Every structure is written in structure tokens, then in C-alpha cells.
Engineer: 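Got a structure here, written out as C-alpha cells. Questions coming.
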Amino acid sequence: QVQLVESGGGLVQAGGSLRLSCQASGRTFVGLAMGWFRQAPGKEREFVAALTWSSFTDNYADSVKGRFTISRDNAKNMVYLQMNSLKPEDTAVYYCAGRSGARILRSQRDYDYWGQGTQVTVSA
């Protein structure tokens with residue numbers, strides 16, 4: 001098992017930035033592809049970004065492309081989501097997720113491990 005703990009959420013004004021962090025522990029982090037998802041009130045959980053173990057390949061939802069950047073530090077078992085130019089529609093609970101395997105996938109069903117989520121609120 002891999003345990004994931006997110007941090008870094010909070011309240012920010014539109015146009016501002018936040019950096020989310022995800023600390024992994026437990027089973028080896030090696031080889032896991034990692035992703036970020038979010039869920040806004042009354043909406044389904046949606047894909048935000050994902051990154052392979054090597055960081056060679058990443059993938060972003062169209063809604064965040066050019067504003068958000070996913071990265072990882074495998075030596076520290078950490079994954080990050082840098083969020084810039086935030087908009088009110090980015091308000092959601094953000095979840096870190098991991099999956100065994102090399103491929104980046106965008107469906108939450110393909111992810112094996114989940115954090116508890118961190119709230120991001122963007123005011124207009």
C-alpha cells in the first residue's frame with residue numbers, strides 16, 4: 001500500500017498562485033505514475049494532470065494547460081502541482097493519486113492510491 005497526503009491548499013484571489021504537495025509513504029514509490037484530480041461541489045471528480053515515474057511524459061486537462069505544472073521529486077517521494085493564474089472555476093478539493101505502471105491515464109478508475117484531498121478556494 002501507498003499512503004498519500006496532500007498539503008498546500010487554501011484561499012487565494014483570482015490570478016494568484018498556489019503550490020500543492022503530495023507526500024507518499026509506505027510501499028515503494030518507485031515506478032508509480034502520479035496524478036492530480038479535483039472535485040468541485042456538485043460535480044464529478046475530474047482529471048487535472050499526470051506524470052510518469054521518469055517525469056519524461058506529462059499530460060494536462062485542457063482547462064489547466066499552460067497554467068498548472070505537475071512535477072515530482074522521487075528522492076523525497078513527493079509530487080507537486082504548481083497552480084498559476086488561478087480562476088474561481090479552479091475551486092475544488094484536489095486529490096493526489098498514484099497508479100502502478102508506466103502509462104499516464106486520465107480516468108480515476110485507473111488509479112490505485114488516493115490521498116484525502118486538500119481544499120483550494122479561488123475568490124473572484
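Computed from a predicted model, the values in this text were never measured in an experiment.
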Engineer: Do Ile104 and Arg99 pass the side chain to side chain contact (heavy atoms under 4.5 Å, CB included) test, and can you show the C-alpha distance, the side-chain angles, and the key distance before you say yes or no?
Structural biologist: CA-CA 9 Å; Ile104 292 180; Arg99 66 176 300 274; over 6 Å; no

Engineer: With side chain to side chain contact (heavy atoms under 4.5 Å, CB included) as the test, would you mind laying out the steps for Trp53 and Leu32 before giving the verdict?
Structural biologist: CA-CA 6 Å; Trp53 159 255; Leu32 293 183; 5.7 Å; no

Engineer: Is any side-chain heavy atom of Val64 less than 4.5 Å from a side-chain heavy atom of Arg38?
Structural biologist: yes

Engineer: CG of Leu18 to CZ of Phe68: how many Å apart, nearest 0.5 Å?
Structural biologist: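 The CZ atom of Phe68 is 9.0 Å from CG of Leu18, to the nearest 0.5 Å.
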
Engineer: Indicate yes or no for a side-chain donor-acceptor contact from Thr52 to the backbone of Thr57 under 3.5 Å, with no hydrogens or angles considered.
Structural biologist: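 It does hold such a pair.
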
Engineer: Cluster question for you: counting only ILVMFWY and a side-chain heavy-atom cut-off of under 4.5 Å, with indirect links fine, are Trp36 and Val12 together?
Structural biologist: yes

Engineer: For a quick test of reading the model, state the closest non-hydrogen atom pair linking Ile70 to Gly35 and the distance between them.
Structural biologist: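 In terms of heavy atoms, the two residues are closest at CD1-CA, 4.3 Å.
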
Engineer: Examine the side chains of Asn84 and Gln82 and answer whether a donor and an acceptor come within less than 3.5 Å of each other.
Structural biologist: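 Yes, because at least one side-chain N or O of Asn84 sits under 3.5 Å from a partner of the opposite role on Gln82.
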
Engineer: Any salt bridge (Lys or Arg N to Asp or Glu O under 4.0 Å) involving residues 64-78? Give me the pairs, sequence neighbours left out, ordered by first then second residue.
Structural biologist: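 Qualifying pairs, neighbours excluded: Asp62-Lys65, Arg67-Asp90.
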
Engineer: Using the rule that Ile, Leu, Val, Met, Phe, Trp and Tyr join whenever any side-chain heavy atoms are under 4.5 Å apart, tell me whether Tyr60 and Phe47 fall into a single cluster.
Structural biologist: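 No; tracing contacts between hydrophobic side chains, which count when under 4.5 Å, never links both residues.
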
Engineer: From Arg106 CZ over to Asn59 CG, what is the distance, rounded to the nearest 0.5 angstrom?
Structural biologist: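 Reported to 0.5 Å precision, the distance equals 4.5 Å.
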
Engineer: Membership question, hydrophobic clusters at under 4.5 Å side-chain separation (ILVMFWY): are Met78 and Val30 in the same one?
Structural biologist: no

Engineer: Minimum heavy-atom separation for Met34 and Val79, please, with both atom names.
Structural biologist: CG-CG2, 3.6 Å

Engineer: Ring of Tyr80, cation from Arg19 - is the NZ or CZ under 6.0 Å from the centre and inside 45° of the axis?
Structural biologist: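 Here Arg19 passes the 6.0 Å and 45° test against Tyr80.
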
Engineer: Working to the nearest 0.5 angstrom, can you tell me the gap between Ser55 OG and Asn74 CG?
Structural biologist: 6.0 Å

Engineer: Minimum heavy-atom separation for Pro88 to Ala14, with atom names?
Structural biologist: CD-CB, 4.1 Å

Engineer: Is it the case that the ring center of Tyr111 lies less than 6.0 angstrom away from the ring center of Phe37?
Structural biologist: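 That pair passes the under 6.0 Å test.
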
Engineer: With a 6.0 Å cut-off (strictly less than), is the heavy-atom count around CD of Glu89, excluding the residue itself, greater than 12?
Structural biologist: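 Enclosed.
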
Engineer: For the atom pair CD (Glu6) and OH (Tyr94), what is the distance rounded to the nearest 0.5 Å?
Structural biologist: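 Reported to 0.5 Å precision, the distance equals 12.5 Å.
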
Engineer: Ignoring hydrogens, what is the shortest heavy-atom contact between Ala92 and Ala40? Give both atom names and the distance.
Structural biologist: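 Looking at all heavy atoms of both residues, the shortest contact is CB-N, 3.8 Å.
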
Engineer: In Å and rounded to the nearest 0.5 Å, what is the CG to CD distance from Asp112 to Gln1?
Structural biologist: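 One finds 9.0 Å between CG of Asp112 and CD of Gln1.
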
Engineer: Assess the residue pair Leu20 and Val120 against the criterion (side chain to side chain contact (heavy atoms under 4.5 Å, CB included)); give the C-alpha distance rounded to whole Å, side-chain angles, the decisive distance to 0.1 Å, and a yes or no.
Structural biologist: CA-CA 9 Å; Leu20 304 184; Val120 172; 4.0 Å; yes

Engineer: Does the Thr121 side chain pair with the main chain of Leu11, one donor and one acceptor, at a distance under 3.5 Å?
Structural biologist: no

Engineer: With side chains defined as the heavy atoms from C-beta onward, is the minimum distance between Tyr95 and Arg45 less than 4.5 Å?
Structural biologist: yes

Engineer: Mind checking salt bridge (Lys or Arg N to Asp or Glu O under 4.0 Å) for Lys43 and listing every partner two or more places apart, or none if nothing turns up?
Structural biologist: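 Checked Lys43 against salt bridge (Lys or Arg N to Asp or Glu O under 4.0 Å); zero matches.
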
Engineer: As an exercise, state the distance from CG of Leu51 to CG of Leu81, rounded to the nearest 0.5 Å.
Structural biologist: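 Answer for the CG-CG pair, Leu51 versus Leu81, is 10.5 Å.
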
Engineer: May I have the step-by-step check of side chain to side chain contact (heavy atoms under 4.5 Å, CB included) for Trp114 and Cys96, ending in yes or no?
Structural biologist: CA-CA 6 Å; Trp114 291 88; Cys96 176; over 6 Å; no

